[in-house]
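Structure first, then comments.
In listed order, ligands and their atoms are each counted from 1.
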Amino acid sequence: MKTIPYGHQSVSWRDAFRVAKAAKSDWMTMGPAVEKFEADLARLSGATHAVAVSSGSAALHCAYASIDLGPGDEIITSPLTFASTASTAINLGAKVVFADIQPDTGNIDPSHVEILITSKTKAVVAVDYAGHPADLDELLAITKKHRIVLIEDAAHSLGSTYRGRPVGSIADITTFSFFPTKNIATGEGGAVVTNDENFAQKARLFRSHGLVRNRGSLKYPNEGPWHQEIHSLGLNYRLPDLLASLGSSQLRRIASFKKRRRAIFSRYVEFLQGINGLQLPTERNYVESMWHLFPIRVPTEARKTVFEGLRNRGILVQVNYIPVYWHPYFEELGIKRGESPNSEAFYREEISLPMYTDLREAQQSRVAKELVALLSGAKK
Ligand SMILES: Cc1ncc(COP(=O)(O)O)c(C=O)c1O
């Protein structure tokens, strides 16, 4: 029987045709398709500036560089995320402090954030777990009070809304990922969006080696028309036009992707609600989530059996996430297990069921049936 992945891109022939057209154009790396993709992203997310980059991790690295994060600085984030939310900050010399999560959403708990703020804190980084936006108004009230920056790692939540506002228009800086399982796919890809011109400009510089070309900003403007200068270091995080053309094409389909993901969410809830020992994700009433993941929680002692059982039946479930500070690298920084009990309890019980636009009803029914059978077996 065919395997069912936990996530998968949806690439139409029209998407593929647009990539082919870009491949035959004069630009292969960053050119007019990137400019268009950035304008499309800014429109969708309600931000003034968008900077397309080569991955969601690159976007986080650029966002941190844009606030001049460095040695002596701290960021506060959630441990229930992919490691690069933290590791890109450490790469710039900063320290990462972990705040615990709200058990219902898996998002950073604003009341815990407030306790952890010190004079060294430069940013709070909220991760919109599974696509459900974090409590952005509460977080903004805290970051404004302390004159620090709110960054939203929206790798899961492009297309979600919070109190009627699109993700990307709310935090000081928002980052996206376009990895194949994400809400839109470019293979590898990501973006930084912001309403702040200064942050956008610094992110752009970091994306392309820190190279300054604008004559007015040069230290030695009379060297010649070829002259360019590096004033601060950056990397090559450019997104090629080939991938940006796929990004723009995918963005045209995002409303239908959202409708489909939300329908799959409702159907899972219909199938699975009320089953003993099973906790389903919920949506707060001021949020409309894209539902990048469908994270269920099962009793800790049943998790391994259920996970292996589903995998053995060709249902390629995933666990999102091992708490970041459980990775040996972070452990060696001195962060002890037990520090964020809600995150650790969430991790011990979590399994991500298949959730993607092209998941068919018959496949979804198969997932639900196998899960229910495994859960009743695990109880015996
Ligand atoms: C929450 C979160 N942040 C950051 C990333 C990094 O994105 P990318 O894989 O595009 O580098 C991911 C992707 O796995 C993610 O899920």
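Look at E188 and you'll find every heavy atom at least 4.0 Å from all atoms of ligand 1.
Only the side chain of S84 comes within contact range of ligand 1, with a heavy atom under 4.0 Å; no backbone atom does. Within the 4.0 Å heavy-atom criterion, the part of Y321 lying near ligand 1 is the side chain and not the backbone. Proximity of L60 to ligand 1, defined as any heavy-atom pair under 4.0 Å, is confined to the side chain (atoms from C-beta onward). Residue contacts with ligand 1, taken as heavy atom pairs separated by less than 4.0 Å, involve A155 solely via side-chain atoms from C-beta onward.
Close approach of ligand 1 to T85 (heavy-atom distance below 4.0 Å) involves ligand atoms 3 (N). Close approach of ligand 1 to S177 (heavy-atom distance below 4.0 Å) involves ligand atoms 7 (O), 8 (P), 10 (O). The contact set between ligand 1 and V127, taken as ligand atoms under 4.0 Å from a residue heavy atom, comprises 1 (C).
In terms of protein heavy-atom proximity, atom 11 (O) of ligand 1 is nearest to S57 OG, 2.6 Å. Atom 1 (C) of ligand 1 has as its closest protein heavy atom T81 OG1, 3.4 Å. With respect to atom 3 (N) of ligand 1, the closest heavy atom belonging to the protein is D153 OD2, 2.7 Å. Nearest protein heavy-atom neighbour of atom 14 (O) of ligand 1: K182 NZ, 3.0 Å.
Looking only at distances, no side-chain donor or acceptor of R303 sits under 3.5 Å from a matching main-chain atom of V298. N107 places a side-chain N or O within donor-acceptor distance of the main-chain N or O of H132, the cut-off being under 3.5 Å.
Here the side chains of H227 and R215 are not in contact, with every heavy-atom distance at 4.5 Å or above. With contacts defined as side-chain heavy-atom distances shorter than 4.5 Å, the pair D135/Q102 qualifies.
A salt bridge is defined here as a Lys NZ or Arg NE, NH1 or NH2 lying under 4.0 Å from an Asp or Glu carboxylate O, and R165 with D137 meets this definition.
Residue W326 places its CH2 atom among more than 12 non-hydrogen atoms of other residues, nucleotides or ligands, all under 6.0 Å distant.
Looking at G56 next to ligand 1, an N or O pair under 3.5 Å apart turns up.
Taking the ring centroids of F37 and F178, they lie under the 6.0 Å cut-off.
R267 and S365 are linked by a side-chain donor-acceptor pair at a separation below 3.5 angstrom, with hydrogens and angles left out of the test.
Note on residues 285-307: pairs passing ring pair (Phe, Tyr, Trp, His ring centres under 6.0 Å), not counting sequence neighbours, are H156-H292, Y162-Y286, F265-W291, F265-F294, Y268-F294.
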